[in-house]
There are 2 protein chains.
Amino acid sequence: MSHNDPKIADLNCGDCPIRHRAVCARCETDELHQLEAIKYYRSFQAGQPVIWSGDRMEFVASVVTGIATLTQTMEDGRRQMVGLLLPSDFVGRPGRATAAYDVTATTDLVMCCFRKKPFEELMGSTPHIAQRLLEMTLDELDAAREWMLLLGRKTAREKIASLLTIIARRNASLKQATKGGVRFDLPLTREEMADYLGLTLETVSRQISTLKREGVIVLEGKRHVVVPNLDRLLEETGDDSDGGMLN
Amino acid sequence: MSHNDPKIADLNCGDCPIRHRAVCARCETDELHQLEAIKYYRSFQAGQPVIWSGDRMEFVASVVTGIATLTQTMEDGRRQMVGLLLPSDFVGRPGRATAAYDVTATTDLVMCCFRKKPFEELMGSTPHIAQRLLEMTLDELDAAREWMLLLGRKTAREKIASLLTIIARRNASLKQATKGGVRFDLPLTREEMADYLGLTLETVSRQISTLKREGVIVLEGKRHVVVPNLDRLLEETGDDSDGGMLN
DNA sequence: CGGATGCCTTGACCCAGATCAACTGACCCG
DNA sequence: CGGGTCAGTTGATCTGGGTCAAGGCATCCG
């Protein structure tokens with residue numbers, strides 16, 4: 001695994017305890033070498049639970065490949081997704097003994113885990129780890145707030161358009177964009193989309209059908225989406241048109 | 001302002017850049033004395049804007065007294081509250097130049113502000129600040145995820161009951177609890193509650209009236225609430241009965 | 001092959017909460 | 001004092017999305 005290949009560094013940067021979105025400048029620093037002792041990899045098949053809410057959780061982790069979801073469930077079975085973890089995203093909380101959410105692999109998944117105790121000690125002695133974690137957590141908090149606007153105020157149609165936009169944006173294949181349209185696979189079932197959006201799976205299905213009928217999107221099979229005109233889709237999200245000038 | 005008074009320390013712990021929820025053990029440390037140079041206080045009247053989304057924001061801050069809200073607004077005017085800031089809560093993001101949300105004082109408000117540049121430098125040289133900020137941000141993220149469940153899956157009645165519970169819980173006067181019931185003032189108008197809950201103000205009003213009619217709550221005036229039996233209210237929230245065993 | 005299972009779609013109907021509108025009461029101010 | 005404004009309440013009506021139910025279409029497997 002070469003550090004010169006940004007795509008690989010993006011996913012898993014050698015010894016670094018925390019995924020980096022760009023090539024990592026710190027891979028060579030001494031203090032991180034001890035990490036070999038505390039980290040290990042775990043794999044899960046699509047559909048498998050990673051951990052249940054309330055379970056003892058003796059590690060923190062980051063996603064290497066695949067997609068995991070965080071969900072909350074009420075006693076009567078109503079479910080709400082509260083996190084969507086893509087490669088480089090972090091799970092778990094230093095200083096908490098039990099999991100607060102159900103974590104599930106929605107695709108085949110590889111996670112890089114760190115035993116919690118030593119990770120916490122390392123965090124105490126290595127300031128930039130806490131700083132990096134802070135940065136990532138703030139990003140997640142911003143995403144959560146965007147999500148709250150979606151859940152609280154958007155229509156079903158806007159919710160679907162927003163989700164498609166989010167997936168398109170976070171999807172690498174967007175980079176071959178706008179020449180003949182953006183195309184990507186939906187990594188979620190209709191039901192998972194419904195749990196993400198606070199809808200029922202029937203409504204998700206109907207809204208996707210409507211967008212398809214209107215030509216905003218093209219479906220190739222149930223899961224592969226082509227967006228011939230991304231701006232057209234963006235208009236449906238209800239968001240400010242300027243795209244999103246974070247940072 | 002004595003460090004021996006936990007109530008005061010709770011709000012504003014001398015030189016510490018970050019509010020502490022308990023008496024602060026670090027107030028005496030030398031490195032923080034420089035903060036005098038970079039911090040200052042600002043006051044706002046109830047209803048005043050603190051900053052608008054998109055504005056240049058050259059400080060980070062924490063709430064000393066009063067309540068502020070974070071809201072997002074869509075072009076057509078739909079509004080969703082995405083943060084409720086009580087004393088000791090932190091606003092602003094190191095490493096971001098513009099505000100991402102509208103911040104508004106809903107009561108008279110005093111904030112302790114830190115000029116962003118020096119604060120960031122301080123954070124770089126003082127590891128425990130980043131660690132403390134991380135801890136607070138993770139708490140906020142958890143709260144945001146609870147909020148997402150509320151927005152996505154709860155009924156209007158459950159939303160109201162949940163909000164009342166949250167206010168009761170975060171309200172100091174809860175400590176004189178259960179003898180004759182919990183009592184507190186609503187710090188939000190019906191419309192602000194609606195923006196918090198993803199409802200309309202009419203629905204908020206109706207649900208409050210219903211809970212009142214059923215004796216779950218008692219209203220003294222429009223704003224003062226008495227909860228004769230907190231468990232009764234908790235049953236209406238839809239949450240797991242065990243209260244909430246975070247951490 | 002035929003039955004079972006999982007994922008998705010579509011239709012018919014219903015209801016929680018939105019919308020529109022009228023009204024109350026507290027407070028302020030000229 | 002009367003009129004204006006602001007916050008809240010309540011009623012009448014409408015509708016987006018939920019619910020219930022029936023099928024479609026792959027894939028798997030005995």
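Source: prediction; values computed, not measured. Order of the sequence lines sets the chain letters (A, B, ...), proteins ahead of strands, with each chain counted from 1.
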Q. Separation of A/Glu191 atom CD from C/dT5 atom P, in whole Å?
A. 17 Å
Q. Checking all strands, does B/Ser209 fall into the base, sugar-phosphate, or nothing category for heavy-atom contacts under 4.0 angstrom?
A. sugar-phosphate
**Q.** N/O donor-acceptor pair, side chain A/Arg78 with base D/dT19, under 3.5 angstrom
**A.** no
Q.
What is the separation between atom CD1 on A/Ile160 and atom C1' on D/dG17, rounded to the nearest whole Å?
A. 12 Å
Q.
Using a heavy-atom cut-off of 4.0 Å across all strands, would you classify A/Ile208 as base, sugar-phosphate, or nothing?
A. nothing
(Q) Side chain of A/Gln207, heavy atoms from C-beta onward: which of C/dC8, C/dA18, D/dG17 has the nearest atom to it? (A) D/dG17
(Q) Rounded to whole Å, how long is the line connecting atom CD of A/Glu158 with atom C1' of D/dG16? (A) 12 Å
Q: Looking at every strand, decide which applies to A/Gly221 at a 4.0 Å heavy-atom threshold: base, sugar-phosphate, or nothing.
A: nothing
Q: Could you check how far CD of A/Gln80 sits from P of D/dG18, rounded to whole Å?
A: 12 Å
Q. Can you check whether A/Arg157 has a side-chain N or O nearer than 4.0 Å to OP1 or OP2 of D/dG17?
A. no
Q.
Expressed as a whole number of angstroms, how long is the span from B/Leu201:CG to C/dA21:P?
A. 15 Å
Q: Could you tell me whether B/Lys159 and B/Glu236 have a side-chain N and a carboxylate O separated by less than 4.0 Å?
A: no
Q) Under 4.0 Å between a Lys/Arg side-chain N and an Asp/Glu carboxylate O for A/Arg157 and A/Glu214? A) yes
Q) Contact class for A/Gly47 (heavy atom, under 4.0 Å): base, sugar-phosphate, or nothing? A) nothing
Q. Can you find an N or O donor on one side and an acceptor on the other, under 3.5 Å apart, linking the side chain of B/Glu202 with the base of C/dC20?
A. yes
(Q) Let me spell it out: for each of A/Lys154 and A/Lys222, pick the nucleotide of DNA chain D with the closest heavy atom. Which residue's pick is nearer the 5' end? (A) A/Lys154
Q: Using atom types as modelled and distance alone, determine if a side-chain donor or acceptor of A/Lys116 lies under 3.5 Å from a backbone N or O of A/Arg96.
A: yes
Q.
Can you work out whether B/Val204 or A/Thr200 has the more 5'-proximal nearest nucleotide on DNA chain D?
A. B/Val204
Q.
With nearest nucleotide decided by heavy atoms, which residue, A/Ser205 or A/Arg153, maps closer to the 5′ end of DNA chain C?
A. A/Ser205
Q.
At less than 4.0 Å, is any side-chain N or O atom of A/Thr155 found next to OP1 or OP2 of D/dG16? Yes or no.
A. no
Q: State, yes or no, whether a side-chain contact exists between B/Arg42 and B/Phe59 at a heavy-atom distance under 4.5 Å.
A: yes
(Q) Can you confirm whether or not the ring centre of A/Tyr196 sits under 6.0 Å from the ring centre of A/Trp147? (A) yes
Q) What is the distance from CZ of B/Arg223 to P of C/dC27, rounded to the nearest Å? A) 13 Å
Q) Does a salt bridge link A/Arg183 with A/Glu220, judged by any charged N lying under 4.0 Å from a carboxylate O? A) yes
Q: Can you tell me the distance, in whole Å, between the CG atom of B/Leu211 and the P atom of D/dG8?
A: 16 Å
(Q) Strictly below 4.0 Å: does B/Arg190 bring a side-chain N or O up to OP1 or OP2 of D/dT9? (A) yes
**Q.** B/Asp195 CG to D/dG8 P, straight-line distance once rounded to whole Å
**A.** 12 Å
Q) Is any N or O donor-acceptor pair between the side chain of B/Arg206 and the base of C/dT19 shorter than 3.5 Å? A) yes
Q. When you measure from the side chain of B/Thr189, which nucleotide among D/dG8, D/dG17, C/dT9 comes out closest?
A. D/dG8
